[in-house]
Protein chains: 2
Amino acid sequence: MTTRDRRRRVTIADVARHAGVSTTAVSKVLRSAYGVSPAMRERVRAAIDELGYRPHAAARAMRGRTYTIGVLLPDLRNPFFPDILDGLYGHLAATDYQVIIVTGGPDAKTETRAIDALVDRQVDGMLLVAPRVPRARLEEVAGGPPTVVLGPHEKSAVYDAVLDDDEIGAELVVRHLIGLGHRRIAHIGQREGTRGRAAAMLHTIRAVTYERVMREHGLEDEIAVALTSYSEEGGYRGARELLGRSPRPTAIFAGADLAAFGALTALHEAGLAVPADMSLAGYDNTRLAALSDISLTSVDQDGGVMGRTAGRLLLERIEGRTSSVHFSVTPTLVPRRSTAPPPPG
Amino acid sequence: MTTRDRRRRVTIADVARHAGVSTTAVSKVLRSAYGVSPAMRERVRAAIDELGYRPHAAARAMRGRTYTIGVLLPDLRNPFFPDILDGLYGHLAATDYQVIIVTGGPDAKTETRAIDALVDRQVDGMLLVAPRVPRARLEEVAGGPPTVVLGPHEKSAVYDAVLDDDEIGAELVVRHLIGLGHRRIAHIGQREGTRGRAAAMLHTIRAVTYERVMREHGLEDEIAVALTSYSEEGGYRGARELLGRSPRPTAIFAGADLAAFGALTALHEAGLAVPADMSLAGYDNTRLAALSDISLTSVDQDGGVMGRTAGRLLLERIEGRTSSVHFSVTPTLVPRRSTAPPPPG
DNA sequence: GTGAAAGCGCTAACAT
DNA sequence: ATGTTAGCGCTTTCAC
């Protein structure tokens, strides 16, 4: 804590002058680079403290690192994302890296802009969570800063992938519902906006797996899917649509907890009790799913581990790794009170 | 969409060469500055499109604007914050400004680091949501980029303030509960971490107002406050603490919906039904509070308007305003099923 | 209306 | 081990 000049920033030159050394020396100390004597290091450190100097990230960006990790999040409402970020923060806490977050917004266009913003701000690494821009764009972008893509089941030679085994997760849910005796099980998924890579998107995998398991149990005629979005509003619309069908499903598997919350509202409006009249399951095992008044059966995919791993992979890439890594977590089912045997009759 | 060089960025010099003009001209077109002929503008624009040029924000930072608005959020879990950001995005959508978000983390130290990160990245403006660093630090920081502080009831000459009239909000809740017949009304608040500015913090105002209204109704002996934090976990701990008291309260006013959610878990564990055994109210009127299974009585403070206003004030400051503005929204009560008359006896 | 050139704060060759 | 210096991509005087 020292007095800081209010108009002009303290620069590396000020520090150098104050310590009576060259700017190079200061720069080296800052980056703990090779070739500084302990004595020099001490003098520089002292000068830095006295002047309250902080490196100007923007200036650094022109030459070297910014010590910034950029994160793209589809939105800020999905309560699963903070789990991922907690993991990431945990891994980066001991480093000099700072995380900045941008949101992808409503469509691929705004998402592209958000990713570009990260690149233009010269982040040292990027974590793209469930991106919906075309794959080619991802590869292009990953040609710049080291990139980890979280979500899609795609293997790439240029970026690392962190993902949940959504096939296992979806299978767990559908089998669970079938095991309870349900036959008319419906699904709320996310409509593509993703030309050319639908098959790799986690929401597609959850939906496709749902259909596969239904078929494997001879329930192909009961398949009912509403494609909206993984949001509260999407869940609401999806449930409304599914409730309009006849005969009505006895269970709904929402591809995300957030969508399940929206479905809950629709069910309530329709006067249906959960699970007495309708079972409901989600995905992500967000903290809110555990709330006793909701008690939503869900799939846990350990966002903390995913975030921590993403952080590790990013730092590894920054340090020079060029080979590509794929990391997958295996989800588990967390049965709660929102699922039960279907009503008799 | 054009081919972009994979190794080297397209720079302003490339564009200038391609268009057969000077870099100055390109720069002017980019910033729609004064003194470019329509013909020149056209040629430059064409070159920009052909080359797929994007300004390098980090380089811009060295001289002029970064077209970046930095937002500090205490955390990413509070579902009220996205409401604020939606408002902000709405206001900035038509501009060239990009929003980057950092989180304040667990304490004032990490928050200071987060704010510094924004400053060091040379943002053109900052929105600090419910900051907990000392007021002096805020004033110091606001001496740099234009700053809007959202939350604290502080007037400053150097930054703008956007806030909710928390006194009215808290009063609405407590009066509502008293009106229902409750006397033993407890409060879950946030423990200070904020040396020297407690009185201005919104959580303090909610707590103090609670006590004042209780006193005004002759209920000073029934005052019971648990200070934890505005988080799920904090609400859980707070409720546990309050339930341990004897006689037990018949209603709890949580200072934030998120804390109310946590309280819900504690109440359930204790085998108490809401509102039959215990009424519960929150603050923020988050979307989740409206979920029928929760149906939480809450206070609406229109985060959208707050965010939009913050955006407007920021742009005004960037354009040169130096006088200080204070903007306050008036909250309203949204009664739902979580509050009802106390159990008889 | 247009362009040449200086310089923002830093890092990385390259001397010494 | 330490210092000198040339840029990174852009904006901005200041000439023309």
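This is a predicted model, so every value here is computed, not measured. First the proteins, then the strands, lettered A, B, ... as listed; each starts at 1.
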*Asks:* Can you pull every protein N or O that's under 3.5 Å from an N or O on nucleotides 12-16 of chain C?
*Replies:*
residue: C:dA12; atom: OP2; partner: A:Arg31; partner atom: NH1; Å: 2.6
residue: C:dA12; atom: N6; partner: A:Thr24; partner atom: OG1; Å: 3.1

*Asks:* May I have the distance from B:Arg9 (atom CZ) to D:dC10 (atom C1'), rounded to whole angstrom?
*Replies:*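 Roughly 11 Å, once rounded to whole Å.
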
*Asks:* Just by distance, no angles: are the side chains of B:Tyr67 and B:Thr95 close enough, under 3.5 Å, to form a donor-acceptor pair?
*Replies:*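 No, no side-chain donor-acceptor pair sits under 3.5 Å.
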
*Asks:* Using whole Å, what does the distance between atom P of nucleotide C:dT11 and atom NE2 of A:His56 come to?
*Replies:*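 Nearest whole value for this atom pair: 12 Å.
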
*Asks:* Could you tell me whether the phosphate oxygens of D:dG9, OP1 or OP2, come under 4.0 Å of any side-chain nitrogen or oxygen in B:Thr11?
*Replies:*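 For D:dG9, neither OP1 nor OP2 has a side-chain N or O of B:Thr11 closer than 4.0 Å.
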
*Asks:* Determine, for B:Arg17 against B:Asp14, whether the closest basic-nitrogen to carboxylate-oxygen distance falls under 4.0 angstrom.
*Replies:*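 Yes, this pair counts.
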
*Asks:* Could you give the OH-to-P distance, from A:Tyr34 to C:dT11, as a whole number of Å?
*Replies:*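 About 20 Å, once rounded to whole Å.
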
*Asks:* Please check this pair: side chain of B:Arg9 against backbone of B:Arg54, looking for a donor-acceptor N/O pair closer than 3.5 Å.
*Replies:*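 Side chain of B:Arg9 to backbone of B:Arg54: a pair is present.
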
*Asks:* Among D:dC10, C:dG9, D:dT4, which is the nearest nucleotide to the side chain of B:Arg60?
*Replies:*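 In terms of side-chain proximity for B:Arg60, the closest of D:dC10, C:dG9, D:dT4 is D:dC10.
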
*Asks:* Using the side-chain heavy atoms of A:Leu30, tell me which of these nucleotides is nearest: C:dG3, C:dT11, D:dA1.
*Replies:*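 Out of C:dG3, C:dT11, D:dA1, the nucleotide with an atom closest to A:Leu30's side chain is C:dT11.
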
*Asks:* Give a yes or no answer on whether the side chain of A:Arg43 reaches the backbone of A:Ala19 with a donor-acceptor pair at less than 3.5 Å.
*Replies:*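 Confirmed, A:Arg43 side chain pairs with A:Ala19 backbone.
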
*Asks:* Whole angstrom is fine here: how far is it from CG in A:Asp14 over to C1' in C:dC8?
*Replies:*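 Computing the A:Asp14:CG to C:dC8:C1' distance gives 13 Å.
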
*Asks:* I need the CD-P distance between B:Glu42 and C:dG1, as an integer number of Å.
*Replies:*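 The answer, rounded to whole Å, is 16 Å.
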
*Asks:* Which nucleotide wins on minimum distance to the side chain of A:Ser22, given the candidates D:dT4, D:dC10, C:dG3?
*Replies:*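 For A:Ser22, the side-chain atoms sit closest to D:dT4.
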
*Asks:* Could you state the atom-to-atom distance from CD of A:Gln122 to P of C:dG9 in whole Å?
*Replies:*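 For the pair A:Gln122 CD and C:dG9 P, the rounded distance is 18 Å.
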
*Asks:* Taking B:Glu111 for the side chain and B:Val133 for the main chain, is one N or O donor matched with an acceptor at less than 3.5 Å?
*Replies:*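 Yes: the side chain of B:Glu111 pairs with the backbone of B:Val133.
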
*Asks:* Return the 5'-most residue of the pair A:Ala59, B:Tyr67 with respect to DNA chain D, ranking by each residue's nearest nucleotide.
*Replies:*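 The residue mapped nearer the 5' terminus is A:Ala59.
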
*Asks:* Whole-Å distance between C:dA6 P and B:Met62 CE?
*Replies:*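 So the CE-P distance, B:Met62 to C:dA6, works out to 17 Å.
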
*Asks:* Do A:Asp124 and A:Thr68 meet the criterion of a side-chain donor-acceptor pair at a distance under 3.5 Å?
*Replies:*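 No, no side-chain donor-acceptor contact under 3.5 Å.
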
*Asks:* Taking C-beta and beyond as the side chain, do B:Gln122 and B:Arg60 meet within less than 4.5 Å on heavy atoms?
*Replies:*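 No - every pair of side-chain heavy atoms lies 4.5 Å or more apart.
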
